[in-house]
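Step one of this worksheet: look at the structure below.
Within every chain, numbering begins at 1; the chains are lettered A, B, ... in the order of the sequence lines, protein sequences first and strands thereafter.
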There are 2 protein chains.
Amino acid sequence: MSGFREDRFVDGDKVRQAHSKLIDGSVAIWLAELFKALADPSRVRIISALTHTELCVHDLAAALDMSQSAVSHQLRSLREMRLVRYRKEGRHVYYQLDDEHIRDLYRRGLEHIEHG
Amino acid sequence: MSGFREDRFVDGDKVRQAHSKLIDGSVAIWLAELFKALADPSRVRIISALTHTELCVHDLAAALDMSQSAVSHQLRSLREMRLVRYRKEGRHVYYQLDDEHIRDLYRRGLEHIEHG
DNA sequence: CTAACATATGAATGTATGATCATATATTCA
DNA sequence: TGAATATATGATCATACATTCATATGTTAG
């Protein structure tokens, strides 16, 4: 008994097969978290800006026409999700995409939108 | 004047450059919507199940151990986002992923999680 | 040291959203 | 036709979350 509901009539084989190939619950949560990090227009625009170059918070806010606070809060989410990394230089903090996987996810999403 | 805030002192060039390469606001919204559709554990698990085969609502619910209503509601989101398509056969409705782009996004997200 | 600047963060608030429950619609079967 | 089955959907409710405002922390310049 690998844990799915067997206490009622179901077309056993298909369901059992589907269940056995299902990703683990905690993986589903992590994966959802990853996509959640990209699931907001402001964060998408931040990612978009960082696709081309690194930027400090102030310049990001200016380029996106968002408040410094809003940008900073969103960067926090992106940091926690490891979608961006940063380096400090004096009183500035420069952000960039964490790796190519992120750029790739972003680009593929964009392709799907544009060819849809 | 392409629309970004110029009414205060900024390091013009970097900001102007970043702003000019930014994706359009409505594209950002669409892209966010796409990722939003993948930004929930239940929907991720549904996608996961449909990665291998098409399934009807009832079997999906059984395999995922979710209520029929919850699955149906989530399938609605996925339908509206064009992540899944369906065919009716008698009283059953069989769902499958809409295209390879979706499978691809899902897989790449999964890779990012697993190699992270 | 003080003022100005850059960033981060906590609280408050309005909005979005996922699950459940009840119910509606549609199809098959006896 | 009526019962059973499969799916969809509206209402409700609790929770999550994005923005704003106020403020704290840290850095540089004068």
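For the residue pair R79(B)/Y95(B), the side-chain donor-acceptor check at 3.5 Å is satisfied.
Closest-nucleotide positions on DNA chain D for Y86(B) and E33(A) were compared, and the one nearer the 5' end corresponds to Y86(B). Both R79(A) and R91(A) sit near DNA chain C, but only R91(A) has its closest nucleotide nearer the 5' end.
Here H58(A) does not count as stacked on dT7(C), because the ring centres are not under 5.5 angstrom apart with planes under 30°.
Rounded to whole Å, the distance from CG on L55(A) to C1' on dT7(C) is 15 Å. We find that CD of Q68(A) is positioned 7 Å from C1' of dA8(C), with the value rounded to whole Å. The separation between Q74(B) atom CD and dA16(C) atom P is 17 Å, rounded to whole Å. For R76(B) and dA24(C), the CZ to C1' distance is 14 Å, given to the nearest whole Å. Taking atom CG of D59(A) as the reference point, atom C1' of dA6(C) lies 11 Å away to the nearest angstrom. The separation between E80(B) atom CD and dA16(C) atom C1' is 14 Å, rounded to whole Å. If you measure from atom NE2 of H73(A) to atom C1' of dA6(C), you get 15 Å, rounded to the nearest angstrom.
Nucleic acid contact class of S77(A) (heavy atoms, under 4.0 Å, all strands): none. Within the 4.0 angstrom heavy-atom criterion, only backbone atoms of the sugar-phosphate kind lie near Y95(A); the bases stay farther away. K88(A) comes within contact range of no nucleotide atom at all, as no heavy-atom separation falls under 4.0 Å.
At least one side-chain heavy atom of L31(A) sits under 4.5 Å from a side-chain heavy atom of Y106(B). Taking the side chain as every heavy atom from C-beta outward, L50(B) and L78(B) never approach each other to under 4.5 Å.
Applying the side-chain contact (heavy atoms from CB on, under 4.5 Å) test between L22(A) and each of I46(B), D65(B), L64(B), T51(B) identifies L64(B) as the sole match.
Between D24(A) atom CG and R45(B) atom CZ the span is 9.0 Å, to the nearest 0.5 Å.
When DNA chain D is scanned in the 5' to 3' direction for atoms under 4.0 Å from non-hydrogen atoms of chain A, the outermost contacting nucleotides are dC17(D) to dT28(D).
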Stepwise salt bridge (charged side-chain N to carboxylate O under 4.0 Å, His left out) check, R108(A) with E111(A)
CA-CA 5 Å; R108(A) 289 186 184 265; E111(A) 279 172 25; 5.0 Å; no
Go through E89(A) and R87(A) one step at a time and tell me if the salt bridge (charged side-chain N to carboxylate O under 4.0 Å, His left out) criterion holds.
CA-CA 7 Å; E89(A) 189 178 310; R87(A) 67 183 177 85; 2.5 Å; yes
